[in-house]
Amino acid sequence: MFFKKFGEKIKSLFTGRKIDEAFFDELEDTLIEGDLGARLTDEIVTELREIAKKEKITEASVLQKRMKEILSGYINAYSEKPQKGRLNVYMILGVNGVGKTTTIAKMAKRYTSEGYKVLLAAGDTFRAAAVDQLDIHAERLGMRIVKQQMGSDPGAVIYDAISSAEAHGDDLILADTAGRMHNKENLMKELQKMDKVIRARGVDENCYKKFLVIDATTGQNGVSQTLLFNQAVKLDGIILTKYDSAAKGGALIQIGRTLGLPILFVCVGEHYEDIKPFDKEEFLNSLMGLE
Ligand SMILES: Nc1nc2c(ncn2[C@@H]2O[C@H](COP(=O)(O)OP(=O)(O)OP(=O)(O)O)[C@@H](O)[C@H]2O)c(=O)[nH]1
Ligand SMILES: [Mg+2]
């Protein structure tokens, strides 16, 4: 799986060896390779050095669990559910190609099976095929969708979607958004406009959430993407995609550490079923080679 290779590296690094300078150097290199970033790597290694010194630990294997404990403090699962009987709006954000539209379809199926009345909103009006793509999913899944022509105002799409959801008594709008526009500033402005419309329509603050989709194969870039989107519209959580094809993903730990954002789902393939709630224990065990 995703972290297997990295986990194996960590495991062999911590197995059957005494703690010395070379060990910490190697650990540092491994963490940087694993996308944990220089600053966080330094923080973790410094803490482990202190623990080893203070507790007179000499075996690296003892530190493996301690490192898991440190990382455990940095990330969390997003465990809130949409509130039934109220209108929830989940805006799904992310740069182009990360898997927003596919993930929306997966989420729609999942939430529907949990008894929610779901409505899709085709808020990516920038790319020619985007509306059609979501439309195809809606048809396959038998979901309702609110859409407009390509090039129309995504703020108007979400406005219509809210009216439609209210009229039908839907519980949850899953709003697709553009991943690319003429430039980054345009995209952020467009997203802020959608955000404003949703607030102006009086959707309860506790029922309105913004999730950023991060592609596990993009490594460190995931951190800068998160900072960028979080600055434009305050994020509530992260969805990780392509966990099936990525080799490493310490970026999630960095995102957790710097922004405290919890993780909602992990996606592991292109089928509707390839989505699961983030499981912190499983994730950390595989990251740390502790399975
Ligand atoms: N292997 C794998 N592929 C995925 C996963 N999620 C999405 N994909 C694929 O990634 C590609 C892009 O997915 P989209 O859902 O179109 O991504 P998007 O973010 O909506 O892209 P834009 O609309 O262009 O911004 C598609 O080929 C998907 O099938 C996943 O979890 N695993
Ligand atoms: Mg899309």
Side-chain angles (χ1 to χ4, degrees), residues 76-95 98-125 130-131 133-134 137-138 141 143-147 154-155 157-166 168-179 187 190-215 225-226 229-230 232-241 255 259 261-267 272 274-278:
N76 275 303
Y78 182 92
S79 49
E80 251 179 80
K81 293 256 182 193
Q83 296 181 30
K84 279 198 178 130
R86 309 193 64 178
L87 178 59
N88 298 266
V89 178
Y90 282 11
M91 188 146 86
I92 307 302
L93 308 155
V95 300
V98 289
K100 293 179 294 299
T101 308
T102 312
T103 302
I104 285 173
K106 292 172 181 169
M107 288 169 78
K109 183 162 192 247
R110 196 181 162 91
Y111 283 123
T112 302
S113 75
E114 288 176 15
Y116 292 96
K117 280 182 77 182
V118 179
L119 173 67
L120 304 179
D124 179 2
T125 56
V131 178
Q133 200 186 338
L134 193 65
H137 285 301
L141 292 167
M143 315 275 324
R144 287 203 321 114
I145 178 170
V146 167
K147 59 185 175 178
V157 175
I158 194 70
Y159 187 98
D160 282 358
I162 292 170
S163 304
S164 174
E166 281 173 353
H168 281 82
D170 293 327
D171 307 297
L172 176 63
I173 295 175
L174 294 174
D176 199 7
T177 61
L187 174 62
E190 208 62 51
L191 298 174
Q192 284 169 333
K193 247 169 76 184
M194 282 178 88
D195 178 62
K196 230 171 142 180
V197 169
I198 296 167
R199 288 174 193 286
R201 287 299 307 263
V203 175
D204 186 330
E205 229 180 287
N206 298 316
C207 297
Y208 169 39
K209 307 288 177 192
K210 287 144 284 177
F211 295 102
L212 183 71
V213 178
I214 295 281
D215 176 339
Q225 286 165 16
T226 310
F229 279 83
N230 189 55
V233 288
K234 216 180 155 317
L235 298 171
D236 294 283
I238 300 288
I239 295 169
L240 186 71
T241 55
I255 292 166
L259 293 159
L261 286 169
I263 303 130
L264 175 62
F265 287 118
V266 175
C267 296
Y272 290 131
D274 296 334
I275 183 167
K276 49 183 191 173
F278 176 71

Colleague: Which atom pair, heavy atoms only, marks the closest approach of Gly237 to Leu261?
Modeller: N-CD2, 3.9 Å
Colleague: Could you tell me whether the side chain of Leu141 reaches within less than 4.5 Å of the side chain of Thr112, counting heavy atoms only?
Modeller: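 No - every pair of side-chain heavy atoms lies 4.5 Å or more apart.
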Colleague: Give a yes or no on whether a salt bridge exists between Glu80 and Lys209, defined as a side-chain N under 4.0 angstrom from a carboxylate O.
Modeller: yes
Colleague: Please say which of Leu212, Val95, Asp176 ends up in a side chain to side chain contact (heavy atoms under 4.5 Å, CB included) with Lys100.
Modeller: Asp176
Colleague: Output yes when Lys106 and Asp274 qualify as a salt bridge under the 4.0 Å nitrogen-oxygen rule, no when they do not.
Modeller: no
Colleague: Once rounded to the nearest 0.5 Å, what's the spacing between atom CZ of Arg86 and atom CG of Asn206?
Modeller: 7.0 Å
Colleague: Using side chain to side chain donor-acceptor pair (under 3.5 Å) as the criterion, list what pairs up with Arg144, not counting sequence neighbours.
Modeller: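 Partners of Arg144 under the side chain to side chain donor-acceptor pair (under 3.5 Å) test: Ser164, His168, Asp170.
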Colleague: Mind running side-chain contact (heavy atoms from CB on, under 4.5 Å) on Lys117 and Leu172 for me, showing each step along the way?
Modeller: CA-CA 6 Å; Lys117 280 182 77 182; Leu172 176 63; over 6 Å; no
Colleague: Quick one: which of Leu174, Ile173, Val118, Asp236 gives a side chain to side chain contact (heavy atoms under 4.5 Å, CB included) with Tyr90?
Modeller: Leu174
Colleague: Let me see the working for Phe211 and Tyr78 under ring-ring contact (aromatic ring centres under 6.0 Å, His included), right down to the final yes or no.
Modeller: CA-CA 10 Å; Phe211 295 102; Tyr78 182 92; 5.1 Å; yes
Colleague: Can you find a heavy atom in the side chain of Phe265 that is under 4.5 Å from one in the side chain of Lys276?
Modeller: no
Colleague: So do the side chains of Leu264 and Ile238 get within less than 4.5 Å of each other, counting heavy atoms only?
Modeller: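 No; the side chains remain at least 4.5 Å from each other.
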Colleague: Please assess Leu235 against Leu259 for the test side-chain contact (heavy atoms from CB on, under 4.5 Å), listing each intermediate value before the final yes or no.
Modeller: CA-CA 9 Å; Leu235 298 171; Leu259 293 159; 6.0 Å; no
Colleague: Side chains of Thr241 and Ile214: closer than 4.5 Å at any heavy-atom pair?
Modeller: no
Colleague: Just checking, is any N or O donor in the side chain of Tyr208 or Asp195 under 3.5 Å from an acceptor N or O on the other one?
Modeller: yes
Colleague: Where is the tightest heavy-atom contact between Leu119 and Ala161, given as atom of each residue plus distance?
Modeller: CD2-O, 3.3 Å
Colleague: Give me the atom names and distance for the closest heavy-atom approach of Leu187 to Gly179.
Modeller: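 Nearest pair, atom of Leu187 first, then Gly179: CD2-O, 3.5 Å.
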Colleague: Tell me, please, which residues at least two apart from Asp215 pass salt bridge (charged side-chain N to carboxylate O under 4.0 Å, His left out).
Modeller: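 Expected list: Lys242.
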Colleague: State, to 0.1 Å, how close Ala105 and Tyr272 come at their nearest heavy-atom pair, and which atoms those are.
Modeller: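 What the structure gives for the nearest pair is CB-CE2, 3.5 Å.
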Colleague: Using every non-hydrogen atom in the two residues, find where Asp171 and Gly85 come nearest and quote the distance to one decimal.
Modeller: OD1-N, 3.1 Å
Colleague: The criterion is ring-ring contact (aromatic ring centres under 6.0 Å, His included); which residues satisfy it with Phe278, sequence neighbours excluded?
Modeller: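 So Phe278 forms a ring-ring contact (aromatic ring centres under 6.0 Å, His included) with Phe283.
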Colleague: Under 6.0 Å from the six-membered ring centre of Tyr159 and within 45° of its axis: does the NZ or CZ of Arg201 meet both?
Modeller: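 Output yes; distance and angle both within limits.
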Colleague: Nearest heavy-atom pair of Cys267 and Ile239: which atoms, and what distance?
Modeller: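 Closest pair (atom of Cys267, atom of Ile239, distance): SG-CG2, 4.4 Å.
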Colleague: Identify whether NZ of Lys or CZ of Arg in Lys84 sits under 6.0 Å from the centre of the six-membered ring of Tyr116 and within 45° of that ring's axis.
Modeller: yes
Colleague: Do Ile104 and Leu134 come within less than 4.5 Å of each other through their side chains, counting heavy atoms only?
Modeller: yes
Colleague: For Tyr111, is the NZ or CZ atom of Lys109 found under 6.0 angstrom from the centre of its six-membered ring and inside 45 degrees of the ring axis?
Modeller: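 The answer is no; the distance or angle limit is not met.
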Colleague: Going by atom types only, do Asp124 and Thr177 share a side-chain donor-acceptor pair under 3.5 Å?
Modeller: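 The criterion, which ignores hydrogens and geometry beyond distance, is not satisfied for Thr177 and Asp124.
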Colleague: Between Ile198 and Ile158, does the side-chain contact (heavy atoms from CB on, under 4.5 Å) criterion hold? Intermediate values first, please.
Modeller: CA-CA 7 Å; Ile198 296 167; Ile158 194 70; 3.6 Å; yes
Colleague: Are the side chains of Val266 and Ile275 in contact, using a 4.5 Å heavy-atom criterion?
Modeller: no
Colleague: Tell me, do Val233 and Leu93 make a side-chain contact under 4.5 Å, heavy atoms counted?
Modeller: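 They are in contact (side-chain heavy atoms under 4.5 Å apart), so the answer is yes.
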Colleague: Quick one: does His137's side chain get under 4.5 Å of Thr101's, heavy atoms only?
Modeller: yes
